[in-house]
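In what follows, chains carry the letters A, B, and so on, assigned in the order in which the sequence lines appear, proteins first and then strands, with residues in each chain numbered from 1. Both backbone and side-chain heavy atoms feed into the values below; hydrogens, waters and symmetry mates do not. All figures in this text were calculated on a predicted structure; none of them were measured in a lab.
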Amino acid sequence: MRIPIYFPTIKYHFLLFFTYPLELVAYILRYFVRVIFLLAFWSIVFEGIENPQLDYRNLLSYFLLSTAISDIVMSDNTNLGRAIRKSVKDGGINSILIKPVNVIGYYYSSTLGSLGVKNILSILSILLALIISPPSSIISVLLFFAFLINAFLIAFTYNIFEGALSLIFTEVGGIKNALHHITRLLSGQTIPFTFFPKYLQEILLLTPIPAMVYGPISVLGETSITEKVIQSYLVGFIWGVVLLFIINKFWVFSLKRFDSAGN
Amino acid sequence: MLINIIFIDIVFQNINSFAGYSRDELLLFNLLSQFWAFILMNIFLKNFHQLSHSVNSGELDLILTKPIDSLFFVCFRNLNIINMLRDLIPSLILITVVIKWDNLNVTLINLVIGFIIALLGIACSVALNLLATLPVFWLGYNQAFMDLSLTLEDSSAHSNLVYEALGDFFKIIFTVIFPSAISTAIATSVILDKSNPYIMLFISIIVTAFFIFLSKLLWGKALKVYNSASS
């Protein structure tokens, strides 16, 4: 795999976005609309709680982080999976399959490029969130990045699963939507994880879903590496590695069964 | 839909009411929100996306030569009622079963007026989304405008943000200026007798009529600047 090939792909798709300046403005506005109304909803919810576990600053920080993380790792909109799915549908994948490039590498680069502005906004959101509610210590910042790698690994496999499914099934929109809604809810993206009943929290923390969003956010409050943190990290890491292995096999399996419909 | 119900149940495990709405009242809000989403997304948004493509590919020429009102045709070009009902009915049944209707204060007159307002709101929503589609005639692109319009509409008055949760300023904005609240938030408020049904019906009729007129007017202007791309 020749890495330098992918940089021009990222650059090309990133610059493509700037061809339409008004679209860019609308895109940025949309990003803020999403966050502002999510906050509006939860601030009303918090008015009704007698002893909230989060104060308003923490709440604001939580949703800035959850939105940004889900965008960066692509767990929310599964942009990489969608790019592959669309390409399979319109036959565009055929021209990539015959090129001497790694198919997933190519689609990841193009998706990363086209999400360039969103990722910049997400990084700014993370910085803003850290200013509003500063992390407990430098260790928590390092842990945040370590947990972000787990989140990335799991979300990556999730995207590839969608793409691989589209290679063998004509329509995967329904499955994708179901997974999408489940992930949004159970990863802690749209609802703070502390809102779940305790027994459900304990069960969910053994699954890969919360590791995609709640995992990195949860460690920002840690001042040291406790047994709980290590356990939480290992659960995410093991899921990430296992899913990566399985999804790699599934991708190869799907690609062999892919029946091209393009010209 | 099931995920929405779980979401509301989790929220209501932590609070007793949301902006004066009980769990069942918020579920009723979700019922109307689902109805709006299915109609808008399964009929109109698909057609508006196709319209954008038609403008850039020149396919719109073929539509304009047909002996039918072009706006009507682009709105209802693909209408798969069976598919829509297949997706819509199970969701609505599920939520209808989950709501404890005895806990709701609903009268027949409010229900009828609320439903009429919901239909007017959907018409308003279609007009709004058409207005967000039209920039394609002038600029050649519109995707982010369509996405922005839908996100604003969904976030401001459909994602569990009830009418009473909006402050006075935003009530005016989302009722008159960007009327996203009519189809779900206002309709629910009227059904539950939290807003005056007659005043809300009057406002909804005026606003919907204005937005339909505006969208027809701008559709005419858009057609005047349309340059066929097919030749």
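- Interatomic distance, CD1 of Ile10(B) versus CG of Leu185(A), reported as 5.0 Å (0.5 Å rounding).
- The nearest pair of heavy atoms linking Val45(A) to Ile15(B) is O-CG2, 3.4 Å.
- In this structure, the portions of Leu22(A) lying under 4.5 Å from any heavy atom of chain B include both its backbone and its side chain.
- In this structure, CZ on Phe7(B) lies 9.0 Å from CZ on Phe195(A), to the nearest 0.5 angstrom.
- No more than 12 heavy atoms of other residues, nucleotides or ligands lie within 6.0 Å of CD1 in Ile82(B), so this atom counts as exposed by the packing criterion.
- More than 12 heavy atoms of other residues, nucleotides or ligands shown are found within 6.0 angstrom of CZ on Phe178(B).
- Both the backbone and the side chain of Ile44(A) come within less than 4.5 Å of a heavy atom of chain B.
- In this structure, chain A has no heavy atom under 4.5 Å from any part of Leu2(B).
- When all heavy atoms are compared, the tightest approach of Phe41(A) to Leu161(B) is CA-CD1, 3.8 Å.
- From Phe196(A), atom CZ reaches atom CD1 of Ile6(B) across 9.0 Å, with rounding to the nearest 0.5 Å.
- The environment of CG in Leu217(B) is crowded: more than 12 heavy-atom neighbours from other residues, nucleotides or ligands sit within 6.0 Å.
- Qualifying side-chain hydrogen bond (donor to acceptor under 3.5 Å, both in side chains) partners for Glu222(A), counting only residues two or more places apart in sequence or in other chains: none.
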Please list every donor-acceptor pair closer than 3.5 Å that links chain A with chain B, giving the two atom names and the distance for each.
from	atom 1	to	atom 2	distance (Å)
Glu23(A)	OE1	Ala144(B)	N	3.4
Glu23(A)	OE2	Asn142(B)	N	3.4
Glu23(A)	OE2	Gln143(B)	N	2.8
Glu23(A)	OE2	Ala144(B)	N	2.9
Arg30(A)	NE	Thr151(B)	OG1	2.8
Phe195(A)	O	Asn14(B)	ND2	3.2

